4 protein chains.
Amino acid sequence: MPGFKGLAVPGPTNMPFEIRQAMDVALEDHRAPDFPDFIKPLLADLKKVFRTETGQVFIFPGSGTGGWESAIANTLSPGDKVLTSVFGQFSYLWVDMCQRFGLDVNAIEQDWGKGAPLEVYRKHLEADKEHKIKAVLICHNETATGVTSDVAGLRAVLDDLGHPALLFMDGVSSIGSIDFRMDEWGVDVAVSGSQKGFMLPTGLAIVGVSQKLRASMDLIFDEGLDNIFARHNRMASAVRAGVTAWGMETCAQGPEWQSDTVTAIMVPNGVDANDVINTAYYKYDLSLGAGLSKVAGKVFRIGHLGWVNELMILSALGGAELAMRDVGISFQSGAGVGAAVDYFAQTKSQVQMAAE
Amino acid sequence: MPGFKGLAVPGPTNMPFEIRQAMDVALEDHRAPDFPDFIKPLLADLKKVFRTETGQVFIFPGSGTGGWESAIANTLSPGDKVLTSVFGQFSYLWVDMCQRFGLDVNAIEQDWGKGAPLEVYRKHLEADKEHKIKAVLICHNETATGVTSDVAGLRAVLDDLGHPALLFMDGVSSIGSIDFRMDEWGVDVAVSGSQKGFMLPTGLAIVGVSQKLRASMDLIFDEGLDNIFARHNRMASAVRAGVTAWGMETCAQGPEWQSDTVTAIMVPNGVDANDVINTAYYKYDLSLGAGLSKVAGKVFRIGHLGWVNELMILSALGGAELAMRDVGISFQSGAGVGAAVDYFAQTKSQVQMAAE
Amino acid sequence: MPGFKGLAVPGPTNMPFEIRQAMDVALEDHRAPDFPDFIKPLLADLKKVFRTETGQVFIFPGSGTGGWESAIANTLSPGDKVLTSVFGQFSYLWVDMCQRFGLDVNAIEQDWGKGAPLEVYRKHLEADKEHKIKAVLICHNETATGVTSDVAGLRAVLDDLGHPALLFMDGVSSIGSIDFRMDEWGVDVAVSGSQKGFMLPTGLAIVGVSQKLRASMDLIFDEGLDNIFARHNRMASAVRAGVTAWGMETCAQGPEWQSDTVTAIMVPNGVDANDVINTAYYKYDLSLGAGLSKVAGKVFRIGHLGWVNELMILSALGGAELAMRDVGISFQSGAGVGAAVDYFAQTKSQVQMAAE
Amino acid sequence: MPGFKGLAVPGPTNMPFEIRQAMDVALEDHRAPDFPDFIKPLLADLKKVFRTETGQVFIFPGSGTGGWESAIANTLSPGDKVLTSVFGQFSYLWVDMCQRFGLDVNAIEQDWGKGAPLEVYRKHLEADKEHKIKAVLICHNETATGVTSDVAGLRAVLDDLGHPALLFMDGVSSIGSIDFRMDEWGVDVAVSGSQKGFMLPTGLAIVGVSQKLRASMDLIFDEGLDNIFARHNRMASAVRAGVTAWGMETCAQGPEWQSDTVTAIMVPNGVDANDVINTAYYKYDLSLGAGLSKVAGKVFRIGHLGWVNELMILSALGGAELAMRDVGISFQSGAGVGAAVDYFAQTKSQVQMAAE
């Protein structure tokens, strides 16, 4: 069908044209004598995105899952005790992987729609007088429910108790999009993927694939990390204003949990959220994110991370309105888009923020 | 700035990704022995877009203006009488070119916002008993005001009077987007450019530039000309519904003139339309069309031709709402987008039309 | 510097323009309802390239090394006995990986420049009356030395002895370029990467990265696997004719070992092969492969796999002549290229082969 | 067929990957408020390529022919006298165009293979005491025969005689590739096209097609005009060395006429040059230039302008050897390539020149 295909899922994100251009190159020899001249500054720049000076960032071909496998294989041993929490599909899958590696996992159950319960972590850590817990795991941004957790708070708990466990953080859908400070928060291992805030294809193929990640770094530093975080907050707030105007609710049960990169929207009882998603996809060329596992059929998700601007938010909300009308959800046509227009009009635009 | 750049002007139009891909090729030798195998079917397919079996379609590097220069130079001589009408910037520029070629031009003046006045053409042709008028010119789609004229009606006038003048038609922003039938309407010369309904770059560089026009033909025939026309009507109707919901008016003074490829929207007195356009461009990365000449500052234009779909219309309307709010135009936020949502929801979608 | 950059290394290979075009797409949602329509036929086509009907081919983001890690992790357990042979850098690295996985490795040492010694394999297998050897490993095409081994022969040994060990084959630089028949040869596990015969970027990022592998499959089947194998043999033979005309020798010690995808060329005593490689790279924009480990400084390698034709072979030989002259190697200028011209002229061209 | 397609014709030239990348952009609004920020520096840079400070360079969609039509239409009138010379297909076509514009053309006939005869120009200009000759035309680089003429010498003749005629120069296949100095040589009108030394697609589509010409300018200035001219001389000299080694001759009858951008090579009597060309094209994917008009069938041409380096020259010579052998021309295989290797080895490389 004619026209742009809307991509409003929480990853892969919209790939900037600059990156498409940068990828349109012939393959190069990864053993060429000047290859290090390309790769070394890239690794240095990656450290700036992770906001670490003392740490080191590695890149290799693999998915986010592959990143976690490599992190666990290189830091923990079968039988090691780890403490984590589950409140969505991705924090759940992480527990599953830990068990397959033979770790002894203590997984705190939490309602889907809430974030990591620091007080429960504290209780378990306090009880672990012998420091048998080798690592504490936290999912920074649970993509399945659109929930962000307080990682700095968890570090404070560890410090407060003087507990030496390593702090592992899943940052797949957060790093590069919402505020993350590896050194300041005392995170020991943080994993991300190429297909979210880095706005690259899935799979992070770096060896021999030229300057594409370079282009991503350039875009990130051109805009500035703080501007990126502010822009993500602006886009997310407009989406949430639209959801409220429709008379609907987010899966995240309170403003303290609401993610700035993805919003999971609860459909009314009696409506199958997948009908909204399929109508949007087949009739209006708009990809919306599906609900996973416990919230399957109950939510659809709008991803608002990476290369997004006001027009794309209006278009995602407008497309969602088209699809929701078609499946019989009641609301005032244009109400969601109008609320976003109002929000944008009353707050500082990207241009204004950049000028300050 | 991050995100897609909206392009809602009446040309150049949004270039389909398929065409971008098709253009990403190495240059080829235009004297290669198998070059005709590429170019001949292309010319045959172009005839189908023009809906002519007896005519011939030429392509060469040049703008639409260059197309007209070549058409005049090859069919008329200095001193030849031509009859035309002026009701916008592009019909005006055509008169200017005819005069530079030394033609004897009779240009009927018409209000900007109306189309070609057939009855006035008839009066002049009736009076021309000696058939000194060699050519009758008509602008099918006046891009400056968003007005479509009745070309078939003008042919009927000529036939009715038995007048032998050639019928010349400016189809730069109509051919390939709205209904045009070269043979059925008895059009002798029709000129178009690559950057509108053909969704190609400006300049129609065909010799030696590979298959890019090929990709355009494929897209056009894949969708089907009638589906393309219906889609353009659907998009235009939604834009007009939005304009009405804002409490504003189009420059085209009546439904019989309203163009399906571009809508010129009158801003309220006291507002400079260029403020809307500049705000949209610099603050929201949205290109809207400016008013030209007589309507400069009074209208902004939304182009809705070429590679457009529902999401892009909602996004152009939404972006216009953002810019109009910022410059102080009063309307209910979301009203224009909401009216378009309603229009789309109540009428057949592209998918449904394609399935019939 | 102006002009094409020659890439005559044994991978990454020259990426066809068709694949560059196919990769120039927006990212798509890997959870889209029609995603399986794209991926399923792709997996079916991959089976045809591996020439297996009963087997299954998997793809995931990772390097060839990642492919081997996954194969070992899913089929063997720590302590399992495996039998393999070492005659180059890549067969050596494989042994190293097996040991890191805790396998009990018996590695037959063989001269670098020869292939897998089937008679030694036979001796070990015969002695293993209790069938403790769980897997027999063989490197089909040792990229470091340009040596191809007889995998079908190793299967015959296993069958002859009735030994039930699994047959593992490293096909990173062979599959898709030289003859390989998974079912017929009874290979149980074969691993390849995207950056060699598949002519894709390193890293095989398949999930959510659209149709690029699709384009690779199309190219492979358009040409036909047997034609591809014949073309690789033709290119390799011309390179070897050139080497002989220079009065030099290949690392592969006999025609039965010479690889059709890569030729390692021994430089005269007193010459550092890296000087040839650096001169070619910095002065003539030609990437040649370096000697690895035991043959470092003693050989340079010309890769002739993937998207190569006669002109590219002549240009790689010509570029090697330029670099060899500059570092003082004696030979008749043009002799290598001339021998390749003669070879090509006396044998069937690709066009003639395709017409048969 | 697999592999790069060789393009060794005198235009279109090989398009640098940087330009392909720069063209892979969405279309932009040519009325956008910041469009002049892009176009103005571009026009300033073009003046540097023409080496003019007092002149002005225009760009518009059209072929080189279109450029000449526009130049003539805007400077001369029907009946005006012009003096020119004909010694190839392109100087001939120029005379034809002048006659179609109603000019009074005096065309000096010269052997095909020689350049503009300055002494004959002088005789005619001397005889024109009344200065009726309004313009003197000269083809800087006759692409059909590979002949370069002495434009500065013609300016000297005009100055010597105090003749006020305008000096018009066809620089389609010279500007940007071989030395040209508009101001210093006193050239009044010089025309070029995008598809030769500028390494762009045919058709110079500049309005609304973004930064592609920008990328071309950047490449030209990165290398430096003098380095570009030296490189073209180096490539041309190597080709001529190859031709001599084959025992063959160029169409240009003497070193003073030999063009640095294209070499026309005479085939032996009894051989049809088109057989060489067709064999190269269909069997080896190499485009060679054909002989035009008077030299049709007698020459094939190797273009060596634009984005070319040593490897590409060796590959064009090698491909010509393959095709010449196939059609039965006798020569020592590898002799042409070998002579080019020797020439390159004995002279300064691009890298060395750039370092000076």
Side-chain angles (χ1 to χ4, degrees), chain C residues 1-6 8 14 16-17 20 24 199 219 222-223 227-228 231 235 242 245 279-280 282-286 306-319 321-326 331-346 349-352 354, chain D residues 1-6 8 14 16-17 20 24 199 219 222-223 227-228 231 235 242 245 279-280 282-286 306-319 321-326 331-346 349-352 354:
Chain C
M1 285 199 294
F4 290 110
K5 214 162 169 167
N14 289 283
F17 287 148
R20 270 179 68 167
D24 183 13
M199 305 167 291
L219 289 173
D222 279 358
E223 187 176 1
N227 284 328
I228 289 173
R231 173 167 61 82
M235 299 304 153
T279 301
Y282 283 115
K283 196 162 166 191
Y284 300 113
D285 251 343
L286 171 65
W307 201 59
V308 283
N309 62 14
E310 288 89 349
L311 285 191
M312 289 159 84
I313 295 299
L314 297 189
S315 144
L317 290 172
E321 292 200 3
L322 285 171
M324 291 195 297
R325 274 218 42 167
D326 281 351
F331 62 96
Q332 167 70 33
S333 291
V337 176
V341 166
D342 283 338
Y343 178 83
F344 286 137
Q346 288 152 9
S349 72
Q350 298 175 56
V351 177
Q352 288 167 315
Chain D
M1 284 199 295
F4 290 112
K5 214 164 169 165
N14 289 286
F17 287 148
R20 271 179 66 168
D24 182 14
M199 305 166 291
L219 289 174
D222 278 358
E223 187 175 1
N227 284 330
I228 290 173
R231 174 169 57 86
M235 300 303 152
T279 300
Y282 283 115
K283 197 162 163 189
Y284 300 112
D285 252 343
L286 171 65
W307 201 58
V308 281
N309 62 14
E310 288 89 348
L311 285 191
M312 289 159 83
I313 295 299
L314 297 189
S315 143
L317 291 172
E321 292 200 4
L322 285 172
M324 292 196 298
R325 274 216 43 166
D326 281 349
F331 62 96
Q332 166 69 33
S333 292
V337 176
V341 166
D342 282 339
Y343 179 83
F344 286 137
Q346 288 153 9
S349 72
Q350 299 174 57
V351 177
Q352 288 167 315

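Reminder, nothing fancy here: chain letters follow the sequence lines and each chain counts from 1. Keep in mind the model is a prediction, meaning the values are calculated, not measured. Both backbone and side-chain heavy atoms feed into the values below; hydrogens, waters and symmetry mates do not.
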Find the distance between [atom1] ([X]) and [atom2] ([Y]) and round it off to the nearest 0.5 Å.
| X | Y | atom1 | atom2 | value |
| --- | --- | --- | --- | --- |
| C/Tyr284 | D/Leu311 | OH | CG | 9.5 Å |
| C/Leu317 | D/Ser315 | CG | OG | 11.5 Å |
| D/Gln346 | C/Ser333 | CD | OG | 8.0 Å |
| D/Leu314 | C/Leu314 | CG | CG | 9.5 Å |
| D/Glu321 | C/Asp342 | CD | CG | 9.0 Å |

_Heavy-atom pair count under 4.5 Å with chain C, highest-scoring of D/Leu286, D/Asp326, D/Leu322_ =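 Most heavy-atom pairs under 4.5 Å with chain C: D/Leu322.
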*asked:* Does any backbone or side-chain atom of D/Ala335 lie under 4.5 Å from a heavy atom of chain C? Answer side chain, backbone, both or neither.
replied: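 When you check distances to chain C, no heavy atom of D/Ala335 falls under 4.5 Å.
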